[in-house]
Asks: 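Sending over a structure as structure tokens; questions will come in a sec.
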Amino acid sequence: MEESRFFNRELSWLEFNNRVLHQGLNTELPLLERLQFLSIVSSNFDEFFQVRVASVKRMLYENSEITDISGLTPKMQLSSISVRAHQIIREQQKSLKYDVIKELAQEGLVYVRPQDYEPFQQEFVQSIFDNDIYPLITPLRTDTETFPNIKNLGLYVAYLISPISGISVADASKNFTGDDEKPRIALVEVPSGLKRLYWLPANQKGKKCFALLSDILTVCGTKLFPGFDVDETLIFKVARDADFAVDEEAGQNFINAMENVLIQRKSSFAVQMTCNQTSEKIMNFLKEKLELSEEDVYSVDGFVDTSSLMELRDCEEAEKLSFEKWENFYPCDLPEDEPFWDTLQIHDKILHVPYESYDPVVKMLKDAADDPDVLAIKMTLYRTGRNSPIISALENAAENGKQVVVLVELKARFDEERNIAWANELEKAGVTVIYGLVNLKVHAKIMMIMRREGDSIRRYVHLSTGNYNTRTARLYSDISLFTANQKIANDATLFFNLVTGYSSLQKMDCLGMAPVTLKDRLLAMIQREADRSTPENPGLIMAKMNSLTHEEIINALYKASCAGVKILLNVRGICMLVPGVKDLSENIQVTSIVDRYLEHSRIFYFQNGGQSELYCSSADWMSRNLDRRIELMFPVLEKEAFAEVKDILDTYFKDNVSSQSLCSNGEWIPVPCKKGERFNAQEILYRKYKKRNENQKTSDKQQFIVRRK
């Protein structure tokens, strides 16, 4: 039956978030790391509701009978999403309230609920409110013709109030609402500029007590409404639709249009509300005003804003409650005190962050900016981060007279505002900025440096699976390649000519480019593996990626499986392929790793009848990547680099600690770990790079002693 061939995309994503939750429930992890994973569950949900659930709701309004490739209508999807999301959030809140918070207290970090404030703590809280909070907040009435605008993902406290008996507030009451039967409800936005966690005085030695800003607002809210009692309060936040973009063919100024989109996102239709369980009356009132259904409301017996708790990472006790700190080692075969030009003329270099430091990428760009022989720099920027040394180096290069061309993708969701600012800053420094392509996001990660060497120009290329972002390079696992390979450089030149100017597509020898050739090359390589597979020597495909949703790719993998090809997939997030089904996918295994570092690299291996090929890519095997984005896939050609990346890929498929396996019924189960055979991929990789670094230091210290007469 057709429905069994594909899992639903949104439900598959929910199971990914459940794997994140699984790490939060893992009692073997340090306490603050568990808290981190539990907080990530919430931040993941925020984006999921803004983008994916909003998209499904829009489909429901436009065509309620349409079905996806898993056979579900929008209504069926929304119902299933709500059921599973409620289950995950209940489990998350249960762990927070009954496990993590209690264990934090045992470690001396005590969360004090408002009803448990001691008199001296109540006095302290009131002082914080009077001095730090009260001047910043503005209560908003809800009885006006226009309901107050509740910002997307803003944290709010709602108050149900009533006149104090015996105090004359007739005029104020009349002004507040003309109908005494209607509830008087006011809203206050929790100030975003304030810290979310406050330390309280404690009466026990060795204990540190803390309160949350939102809790303080519920306790001290009476000061906001003179003449009224606060009968009930509710802490809540609302996720709004963020799944809309600029009409790129409308002929309007693109920057202005993008800025308008950012404004619209703040007040688009409500998709979901998270609130605590302190007032059913306020909850129902908000649900009605925001036009949300029962399925859309997530009433939690715990924390509405779990990210507030992450400020505990700043306390002095955090180190002992966190992972042992891992270094980011500088690569042994790249010089620290001189440019890479001579090194890259000899061999390619693979960089594996965050185990290895991202410094070489920044260094290469800085060296290029200062080198008088460098004539030009071209690169793409998707998500760059704040205070980026990448931006500074590009500006410096332009100021030093280099030709600098940067393609800034303004449509990088939730980073649009920052990218607009970067683009303006780069242009002021003299950089030529290209604002992406119409109807296509430029997601490729590539940098090319042109340098005069003797009577010729040599090109140096950097290609990566991850963004040019120094912050995420310390948190995300990514692979990149430094090379002076002429064929790759020729393809890089063709790529930049295509995306920055007028150029018809020309054949690339090494690089695969979406949406033009990449999908067809992948399909051809999958088919080639099937054609060359025999019972005596079955084919082999190994692929690591973030998500797998592309229908053509999945069907090609099914066909290859039926031809006897062994297919090993490591998919961190969404996987719509159904593994282990007889006569369809019985030769396909799917695993997923969620661990300390976010797995972000895309690596593809094809056995190719003994002539193995290995590729890295900016693209996942998703429709958006292969059909609607500019992406690049690059080969790993040199023998040593090939062995390095293949070893990395093999390591992920050996994991039996942080890895889970996908069953044909959609359930993910932990990969079994026999006693004494513990293999954690990220730990193994870290130890490998640590040992390599130590060996290099030992080698550097060795000296040749010359015997003299």
Side-chain angles (χ1 to χ4, degrees), residues 1-23 37 40-57 59 66-89 91-92 243 272 295 543-558 561 567-581 584-585 588-594 598-600 602 619-627 658-671:
M1 127 179 223
E2 185 67 23
E3 288 83 357
S4 66
R5 291 175 63 90
F6 301 96
F7 292 125
N8 173 264
R9 171 183 169 141
E10 319 311 341
L11 299 182
S12 178
W13 182 92
L14 286 169
E15 296 313 312
F16 155 65
N17 213 25
N18 192 56
R19 295 196 295 282
V20 177
L21 172 64
H22 179 80
Q23 290 295 89
F37 281 114
I40 291 172
V41 169
S42 293
S43 59
N44 283 349
F45 268 129
D46 286 343
E47 183 168 343
F48 177 68
F49 283 110
Q50 288 179 89
V51 179
R52 298 307 311 169
V53 175
S55 175
V56 178
K57 285 199 168 196
M59 283 191 289
I66 192 173
T67 59
D68 71 338
I69 60 173
S70 72
L72 298 182
T73 65
K75 185 175 182 180
M76 294 163 67
Q77 290 185 62
L78 290 172
S79 178
S80 299
I81 287 169
S82 179
V83 170
R84 188 66 176 119
H86 273 92
Q87 291 173 345
I88 293 171
I89 290 174
E91 193 71 20
Q92 174 216 33
D243 186 45
Q272 177 254 11
E295 289 182 341
K544 177 182 180 296
M545 66 198 75
N546 295 323
S547 294
L548 171 57
T549 68
H550 200 289
E551 185 175 358
E552 288 179 79
I553 297 290
I554 292 174
N555 282 328
L557 292 171
Y558 286 154
S561 172
I567 301 170
L568 302 177
L569 303 173
N570 191 287
V571 185
R572 173 174 58 86
I574 304 165
C575 181
M576 293 174 62
L577 177 147
V578 182
V581 178
L584 179 70
S585 58
I588 304 178
Q589 298 175 29
V590 182
T591 55
S592 176
I593 291 177
V594 177
L598 183 139
E599 291 297 339
H600 194 253
R602 293 93 165 180
D620 289 309
W621 291 356
M622 303 179 74
S623 298
R624 72 182 187 189
N625 297 97
L626 301 182
D627 299 328
S658 300
S659 186
Q660 295 193 35
S661 179
L662 177 60
C663 303
S664 57
N665 64 358
E667 182 182 0
W668 289 85
I669 58 174
V671 172

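Computation of the quantities below employed the complete heavy-atom set of this structure, encompassing side-chain atoms and omitting hydrogens, waters and symmetry-equivalent molecules.
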Asks: Hey, does S79 have a side-chain heavy atom less than 4.5 Å from the side chain of E295?
Replies: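 Yes; the side chains approach each other to less than 4.5 Å.
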
Asks: Could you tell me which residues satisfy ring-ring contact (aromatic ring centres under 6.0 Å, His included) with H600, sequence neighbours excluded, listed by chain and number?
Replies: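 Counting only residues at least two positions away or on another chain, H600 forms a ring-ring contact (aromatic ring centres under 6.0 Å, His included) with Y476.
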
Asks: How far does CD1 of I574 sit from CZ of R52, to the nearest 0.5 angstrom?
Replies: 7.0 Å

Asks: So do I89 and F45 actually touch side chain to side chain, heavy atoms under 4.5 Å?
Replies: yes

Asks: For a 4.5 angstrom cut-off between non-hydrogen side-chain atoms, does R9 reach Q77?
Replies: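 Counting from C-beta outward, R9 and Q77 never come under 4.5 Å.
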
Asks: Give a yes or no answer on whether the side chain of Q92 reaches the backbone of I88 with a donor-acceptor pair at less than 3.5 Å.
Replies: no

Asks: N17 side chain to V41 main-chain N or O, any donor-acceptor pair under 3.5 Å?
Replies: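 Pair found, side chain donor or acceptor close to backbone of V41.
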
Asks: Give, for atom CG of L78 and atom CE of M59, the distance between the pair rounded to the nearest 0.5 Å.
Replies: 8.0 Å

Asks: For E551, is there any backbone N or O sitting under 3.5 Å from a side-chain donor or acceptor partner on N555?
Replies: yes

Asks: Check the side chains of H550 and D627 for a donor-acceptor pair under 3.5 angstrom, ignoring hydrogens and angles.
Replies: yes

Asks: If you define the side chain from C-beta out and look only at heavy atoms, does anything of S70 sit under 4.5 Å from M576?
Replies: no

Asks: Check whether any side-chain N or O of N546 sits under 3.5 Å from a backbone N or O of D620 as a donor-acceptor pair, and report yes or no.
Replies: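 Absent.
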
Asks: Donor-acceptor check, side chain of H22 to backbone of N18, threshold 3.5 angstrom: yes or no?
Replies: no

Asks: Are any non-hydrogen side-chain atoms of E15 and R84 less than 4.5 angstrom apart?
Replies: yes

Asks: Roughly how far, to the nearest 0.5 Å, is OG of S55 from CD of E10?
Replies: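 Nearest 0.5 Å value for the CD-OG distance: 7.0 Å.
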
Asks: Do L11 and I81 make a side-chain contact, defined as non-hydrogen atoms from C-beta onward lying under 4.5 Å apart?
Replies: yes

Asks: Looking at side-chain heavy atoms only, is the closest gap between L662 and S592 below 4.5 Å?
Replies: no

Asks: Only one of I554, L548, V578 clears side chain to side chain contact (heavy atoms under 4.5 Å, CB included) with F7; which?
Replies: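 Going through I554, L548, V578 one by one, the side chain to side chain contact (heavy atoms under 4.5 Å, CB included) with F7 is satisfied by V578 alone.
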
Asks: How long is the gap from CG on L14 to CZ on R19, to the nearest 0.5 Å?
Replies: 11.0 Å

Asks: Do L557 and S585 have side-chain heavy atoms sitting under 4.5 Å apart?
Replies: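 With C-beta onward as the side chain, the pair stays apart.
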
Asks: Could you work out, with ring-ring contact (aromatic ring centres under 6.0 Å, His included) as the rule, every residue matching F48, not counting sequence neighbours?
Replies: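 ring-ring contact (aromatic ring centres under 6.0 Å, His included) list for F48, sorted by chain: W13.
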
